[in-house]
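Quick one: the structure is below, questions incoming.
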Amino acid sequence: MEFQLPDGTRLALPGGSTGADAAAAIGAGLARAALAVRVDGELRDLSRPLPEPEGRAPTLEIVTERSGEDALALVRHDAAHVLAAAVLDLYPGTKISIGPAIEAGFYYDFEFPAGVTVNDSDFPALEEAMRAHIQADERFVREDLPVAEALERFRAEGQPYKVELIEDLVRAADPDHPLETVSLYTNGPFTDLCRGPHAPSTRRIKAFKLQSVAGSYWRGDARRQMLTRVYGTAFFSKGDLEEHLELLERARANDHRRLGPQLGLFQFSEVSPGAAFWLPGGTEVFNSLVALSREMGRERGYVEVKTPQIFDSSLWRTSGHWDKYADNMFVTEYEDRRMAVKPMNCPGHCHLYSLRPHSYRDLPLRLWEPGLLHRREPSGTLHGLLRVRHFAQDDSHIFCTEDQVQQEVANVLDFAFATYRIFGIDVRLELSTRPEQRIGSDELWDRSERALADALGQLGLEYTVNEGDGAFYGPKIDMHMTDSLGRSWQLGTCQLDYNMPERFGLAYTGADNAEHRPVMIHRALMGSYERFIGILLEHFGGELPVWLAPAQAIVLPIADRHLDYAAGVRDRLIAAGLRAELDDRTESVARKIRDAELRRVPYMLIVGDREADAGEVSVRRHPGGDAGSVPAREFELRLAEEARRRVLR
RNA sequence: GCCGACGUAGCUCAGCUGGUAGAGCACUUCACUCGUAAUGAAGGGGUCCGGGGUUCGAGUCCCCGCGUCGGCUCCA
């Protein structure tokens with residue numbers, strides 16, 4: 001057998017050689033370090049015979065600790081098996097389900113025996129049991145078993161989830177090539193149904209930690225058994241593990257739920273779960289974002305409207321929300337009328353459109369409303385500002401003709417990029433196409449999907465396609481960002497809708513003097529202002545750019561005799577449209593500086609005798625420190641310019 | 001909504017196996033008038049999330065509810 005190594009050389013091996021043989025043939029050191037082997041992209045156990053090449057020499061790569069994500073995923077999967085083994089040691093009779101490696105670790109889902117609950121106080125004992133399996137240097141032994149035998153074995157062991165998994169594998173197999181065997185992996189006393197591969201032995205898990213327990217539905221189905229999921233992570237060294245834990249710690253420090261109250265931006269209260277109380281500082285941030293939407297929207301031909309907060313149920317019947325979304329709406333009744341608080345702006349905008357006649361000359365009509373929405377989200381889903389019951393979207397509905405769709409979508413994308421650029425955010429685009437459950441003809445879907453793809457092409461944008469993930473009424477383009485901690489967030493969306501205009505009977509008079517149905521485009525760029533602020537806070541670690549900072553500058557007089565001059569400096573800044581404050585407390589300058597630094601006020605203006613005499617301010621930047629003295633007037637112009645241009649840093 | 005954990009002063013937290021609530025910061029007052037990350041002293045402040053129960057006695061134990069957190073489902 002001949003294989004192609006990563007360095008381009010060829011490796012010849014006798015027939016029946018294993019991955020371990022291949023590693024040994026390359027070098028003794030590599031043989032010791034080897035965890036698995038990758039043949040033509042497929043990851044395999046070292047102990048398995050290499051596949052017989054057909055035709056050209058397949059590529060072969062030995063996976064070691066230094067192989068990055070592949071190797072980490074492998075060892076984490078190993079750790080999941082070890083966790084399951086430890087759980088069975090400590091809690092015999094536990095039913096095991098699945099335990100994969102995930103992004104930053106692994107988990108395993110268990111159904112513990114009746115009456116047994118496991119929580120993080122059980123981690124030390126579990127970790128101890130895991131360490132025993134690791135120190136025992138248990139080999140991972142693969143076994144390919146006929147389906148019937150495997151089923152019998154797991155039935156006998158009282159492992160119904162494994163039985164169900166095998167039955168599903170059989171069912172999912174191609175009828176022409178029915179599933180004959182399944183693979184099992186055994187380490188020490190523990191055997192699990194598993195596709196593999198695994199490292200040679202448990203000893204390769206050098207550092208691990210159990211992190212949390214959580215509930216999870218079997219197969220992600222809310223109607224099925226709730227299992228207990230144990231999360232953990234594993235690395236090849238203690239140092240890597242500690243580094244990872246530090247990253248988590250940093251993420252915790254940058255958590256918007258901590259930063260918000262700390263910086264005086266917002267707070268939550270039991271009296272309205274899932275709804276923020278916006279403090280003065282947070283309200284400034286919020287308003288700055290709304291102002292940005294408004295300003296940019298005006299430049300791009302959007303018109304602002306205001307629609308009611310509460311509508312009669314008849315509107316929700318027309319829109320379809322009464323059938324499809326009723327569980328998520330706040331409903332109220334008076335004088336025998338059933339009313340509901342709006343969870344979305346689109347029905348109101350459709351109704352507003354329908355109130356007056358429209359000519360093709362009026363289109364596209366781009367309605368914008370930073371409307372207040374309420375959604376009855378289940379209590380368990382609330383999460384700071386990222387998932388709330390009361391929020392406002394930077395929401396627009398564009399009514400246009402079929403011919404205008406592509407250009408309008410291109411305009412939306414251009415608008416989106418212009419917006420994200422201001423925050424220094426890069427986005428990935430996803431085009432979601434027709435789902436199984438949908439309305440409208442295939443011809444219509446062909447056209448609308450093409451319109452979106454053409455708009456993306458027109459701007460030369462890269463995107464991935466999400467087959468079948470579109471809304472039931474139309475395809476969409478979603479915009480995702482990755483934050484400074486590597487987490488992904490959906491921000492904007494641009495959805496084509498042929499359904500809502502139909503339901504509302506919307507029309508415009510065409511050049512042919514006949515009635516035509518407009519197409520509607522739903523679009524949001526920041527998503528909701530609440531969520532966007534949450535994301536921004538975490539992304540910037542609380543260090544908001546000057547144009548967004550609640551207090552842009554704070555004047556710090558050195559002694560009380562400088563108060564008049566200081567107040568004058570502040571007043572001129574405010575008159576120039578800036579957000580300036582004065583720290584008039586009788587405190588040391590060091591103290592005033594410290595407090596302003598903790599609030600992350602971008603500019604601190606220290607004024608004492610020297611500054612008052614010269615008409616200057618001594619500028620201290622956050623972060624950055626002392627930036628020297630400048631005439632107060634010059635600083636004012638500089639700050640105004642920085643805020644106006646929305647400079648990022 | 002479901003599973004698990006948690007809920008003590010405005011904030012961060014201490015309070016062992018049940019015996020009448022404590023610290024730091026913040027706040028108020030007084031003194032200090034200060035040059036680039038905490039001046040000092042004194043003082044005020046708590047239905048120990050809410051409601052039941054066990055007990056001579058509950059912040060502490062049990063039950064129910066609410067909220068928060070970690071997830072699942074869902075989602076801007």
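What you are looking at is a predicted structure, and each value in this text was computed from that prediction instead of being measured. Here is the naming used below: chain letters follow the sequence lines, and residue numbers restart at 1 for every chain.
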Ring center gap for Phe423(A) and Phe532(A) short of 6.0 angstrom: yes
Under 4.0 Å protein heavy-atom contact, by nucleotide of nucleotides 62-76 of chain B - B base, S sugar-phosphate only: -----SSSBBBBBBB
Whole-angstrom distance between U60(B) and U8(B), as gauged at atom P: 13 Å
Asn119(A) side chain near G4(B) phosphate (N/O to OP1/OP2, under 4.0 Å): no
C25(B): pairing nucleotide in any strand, Watson-Crick or G-U under 3.5 angstrom: G10(B)
Pair assignment for U47(B), Watson-Crick or G-U wobble, requiring both distances under 3.5 Å: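 U47(B) is unpaired by these criteria.
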Nucleotides 35-43 of chain B: protein proximity per nucleotide (B base, S sugar-phosphate only, - neither; heavy atom, under 4.0 Å): BBBBB----
Distance between C1' atoms of A76(B) and G59(B) (Å, rounded):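 It comes out at 41 Å once rounded to the nearest Å.
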Euclidean distance, atom CG of residue Leu227(A) to atom P of C3(B) [Å, nearest integer]: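 Computing the Leu227(A):CG to C3(B):P distance gives 12 Å.
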Gap in Å between the two P atoms, one belonging to C72(B) and one to G52(B), rounded: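 C72(B) and G52(B) have their P atoms separated by 38 Å.
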Whole-angstrom distance between G50(B) and G10(B), as gauged at atom P: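 Their P atoms lie roughly 13 Å apart.
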Rounded distance in Å between the C1' positions of G71(B) and G15(B):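 31 Å, rounded to whole Å.
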Check: Ile554(A) and Arg570(A) side chains under 4.5 Å, non-hydrogen atoms: no
Complementary nucleotide for C16(B) - Watson-Crick or wobble, under 3.5 Å: none
Euclidean distance for C1', G22(B) against C16(B) (whole angstrom):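 Comparing C1' positions in G22(B) and C16(B) gives a spacing of 15 Å.
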Pairing nucleotide - U33(B), Watson-Crick or G-U, each distance under 3.5 Å: none
Candidate pair Val555(A) and Glu581(A), rule side chain to side chain contact (heavy atoms under 4.5 Å, CB included), full reasoning: CA-CA 6 Å; Val555(A) 188; Glu581(A) 295 181 11; over 6 Å; no
No-hydrogen, no-angle side-chain donor-acceptor test under 3.5 Å, Arg621(A) and Tyr603(A): yes
Distance (rounded to the nearest 0.5 Å) between Lys476(A) NZ and Ile521(A) CD1: 15.5 Å
Distance between P atoms of A37(B) and C48(B) (Å, rounded):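 Each nucleotide's P atom is 43 Å from the other's.
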Candidates Arg229(A), Lys95(A), Arg224(A) - the one meeting salt bridge (Lys or Arg N to Asp or Glu O under 4.0 Å) with Asp109(A): Arg229(A)
Euclidean distance, atom CZ of residue Arg585(A) to atom P of A31(B) [Å, nearest integer]: 18 Å
Thr94(A) and Pro113(A), any side-chain heavy atoms less than 4.5 Å apart: yes
Residues Glu543(A), His622(A); criterion side-chain hydrogen bond (donor to acceptor under 3.5 Å, both in side chains); working and verdict: CA-CA 9 Å; Glu543(A) 316 270 349; His622(A) 170 91; 2.6 Å; yes
G57(B): pairing nucleotide in any strand, Watson-Crick or G-U under 3.5 angstrom: none
Lys/Arg N to Asp/Glu carboxylate O, Arg561(A) vs Asp609(A), below 4.0 Å: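 Yes, charged N to carboxylate O under 4.0 Å.
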Inter-nucleotide C1' distance (G44(B), G18(B)), Å rounded: 31 Å
Contact check, side chains of Asn287(A) and Trp278(A), non-hydrogen atoms, under 4.5 Å: no
Nucleotide paired to G4(B) in any strand shown, Watson-Crick or G-U, under 3.5 Å: C69(B)
